[in-house]
Each structure stands twice: as structure tokens, then as C-alpha cells.
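Shown next, in C-alpha cells, is the structure this report addresses.
We use all heavy atoms of the structure for the numbers below, so side chains are in, but hydrogens, waters and symmetry mates are not.
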Amino acid sequence: MRIVCGTDFSPAAAEAAEVAAHLAHRTGSTLHLVHAVLPPWEPTGPVTPPPGEAYPLEQATLTEEAHRIGADGLHITTEVTAGAPDEVVTAAAGREGAHLVVLGATGHRAVDRWLLGSTAARAARESHVPVLVVRQPEGLHAWLDGKRPLRVLVGVEPGPSSDAALR
């Protein structure tokens, strides 16, 4: 199994990355950490640096995050890409052949909710694989450690993401 986890380096994203790493370690899966950088805009569209030269500070931070959550035997890859976070994460899930996307839940103002929605909500809408939004990581860690049963609420609608979540 392959898990993709998006991070913006916030506390909520750090918790989600810890859950993703714990899940990957327990299931023998690989983990792909992704960070999206909103590129500067010019009149003709976003400006994206050439691959390999892009975003050294963000790549260093992402590599540090991979080391922080890494466990013995866990294979973690990283990717920093320019673009909207929800689009970058769902594209990475497709490229990597992911079976699951893990994201942290973040708060947002009422105005943002009506105008834009959250990254997690947009990713869940567009993803072709299930999206796990981590709100309270303690319960997931307890389940992964065999200390409690898993309780799941699945919101469904016709489409491939819901079909995959139900499977």
C-alpha cells in the first residue's frame, strides 16, 4: 500500500504526518510526504522554477519532517511542488498510485469556508482514493497500537473516492 500525506508544516499537518507514518509502519506501506508551494504570480500565470532548483528551504524542512516521523524500516519519500495544495496532493496520489491520502484538519474563518473551503475538503472532493482527515490523532494512534477499536464515519456520494472508501 502507498500513502500520500500533504503537509503545510502546521501543527495539524504534523499530527497528520505522525498518523500517516504510524499507519504506514503498521501496515508495511510506503509514505510519500508532499508540500505545495504557492508560486508567485505574473500576468501570464504562476512562475515555477526548474525542477531540482526549486524551493531548497521547503525541501530541507520537508526532509527534516520525514526524519522526525520516520521509524525503523519505514520508507519515506518527499516532494515539494508548486501549485494549489489540494491539486498538488491529489496529483501526487495519482502519480504515486496511492491507496490513501492523509491530511490534517485546519481551522478556517467563516468567510473562507463559504468562499474557498479547506484544502482537505477540496482534496476529498477531487481525490480518486480515500482521504483521511486527521482531527484528533490520539484515537487513531490508540487503534494502531491495538488499544481500542476503530470507529469510522464515512460520508458517501456517487463517485470513485466514495467507492474506494467503502471498500
Side-chain angles (χ1 to χ4, degrees), residues 1-37 55-81 83-108 117-157 159-167:
M1 185 164 98
R2 186 118 173 110
I3 299 170
V4 169
C5 179
T7 182
D8 61 3
F9 308 126
S10 68
E15 290 176 344
E18 290 167 2
V19 167
H22 196 168
L23 182 59
H25 189 255
R26 294 282 296 170
T27 60
S29 303
T30 58
L31 176 60
H32 186 67
L33 283 179
V34 180
H35 175 72
V37 176
Y55 314 114
L57 178 60
E58 289 84 354
Q59 185 60 58
T61 305
L62 191 60
T63 300
E64 185 177 300
E65 178 71 349
H67 289 296
R68 183 185 72 81
I69 64 171
D72 289 337
L74 178 60
H75 179 70
I76 301 176
T77 58
T78 62
E79 172 186 350
V80 176
T81 303
D86 55 306
E87 294 171 4
V88 166
V89 168
T90 55
R95 262 191 332 278
E96 296 294 321
H99 296 90
L100 178 69
V101 170
V102 179
L103 296 169
T106 57
H108 43 65
S118 71
T119 296
R122 288 189 305 275
R125 233 182 350 262
E126 299 302 320
S127 179
H128 293 285
V129 298
V131 176
L132 172 63
V133 180
V134 176
R135 294 188 186 281
Q136 295 175 325
E138 300 81 16
L140 290 167
H141 287 298
W143 167 67
L144 288 165
D145 287 335
K147 296 178 181 173
R148 65 167 276 193
L150 178 64
R151 295 180 187 96
V152 178
L153 172 65
V154 180
V156 297
E157 64 179 356
S161 181
S162 291
D163 293 343
L166 292 172
R167 279 193 303 277

Leu31 and Cys5 have their tightest heavy-atom pair at CD1-CB, 3.9 Å
Give the intermediate values and the outcome of side-chain contact (heavy atoms from CB on, under 4.5 Å) for residues Leu103 and Val131.
-> CA-CA 7 Å; Leu103 296 169; Val131 176; 4.1 Å; yes
Apply side-chain hydrogen bond (donor to acceptor under 3.5 Å, both in side chains) to Arg68 and list each qualifying residue two or more places apart in sequence or on a separate chain.
-> Glu18, Glu65
Side-chain donor-acceptor pairs of residues 145-153 under 3.5 Å, sequence neighbours excluded:
unit_1: Asp145; atom_1: OD1; unit_2: His22; atom_2: NE2; d: 3.0

From [atom1] ([X]) to [atom2] ([Y]), nearest 0.5 Å:
{"X": "Trp143", "Y": "Glu138", "atom1": "CH2", "atom2": "CD", "value": "15.5 Å"}
{"X": "Arg122", "Y": "Arg125", "atom1": "CZ", "atom2": "CZ", "value": "7.5 Å"}
{"X": "Tyr55", "Y": "Glu79", "atom1": "OH", "atom2": "CD", "value": "12.5 Å"}
{"X": "Thr7", "Y": "Glu58", "atom1": "OG1", "atom2": "CD", "value": "12.0 Å"}
{"X": "Leu74", "Y": "Ile3", "atom1": "CG", "atom2": "CD1", "value": "8.5 Å"}
{"X": "Thr61", "Y": "His35", "atom1": "OG1", "atom2": "NE2", "value": "7.5 Å"}

Taking the side chain from Ser118 and the backbone from Ala121, do they hold a donor-acceptor pair closer than 3.5 Å?
-> yes
Side chain to side chain contact (heavy atoms under 4.5 Å, CB included) against Glu87, all qualifying residues, sequence neighbours excluded | Ala84
Criterion side-chain contact (heavy atoms from CB on, under 4.5 Å) on Arg2 and Thr77, from CA distance to verdict | CA-CA 11 Å; Arg2 186 118 173 110; Thr77 58; 3.1 Å; yes
Is the closest basic N to carboxylate O distance between Glu15 and Arg135 below 4.0 Å?
-> no
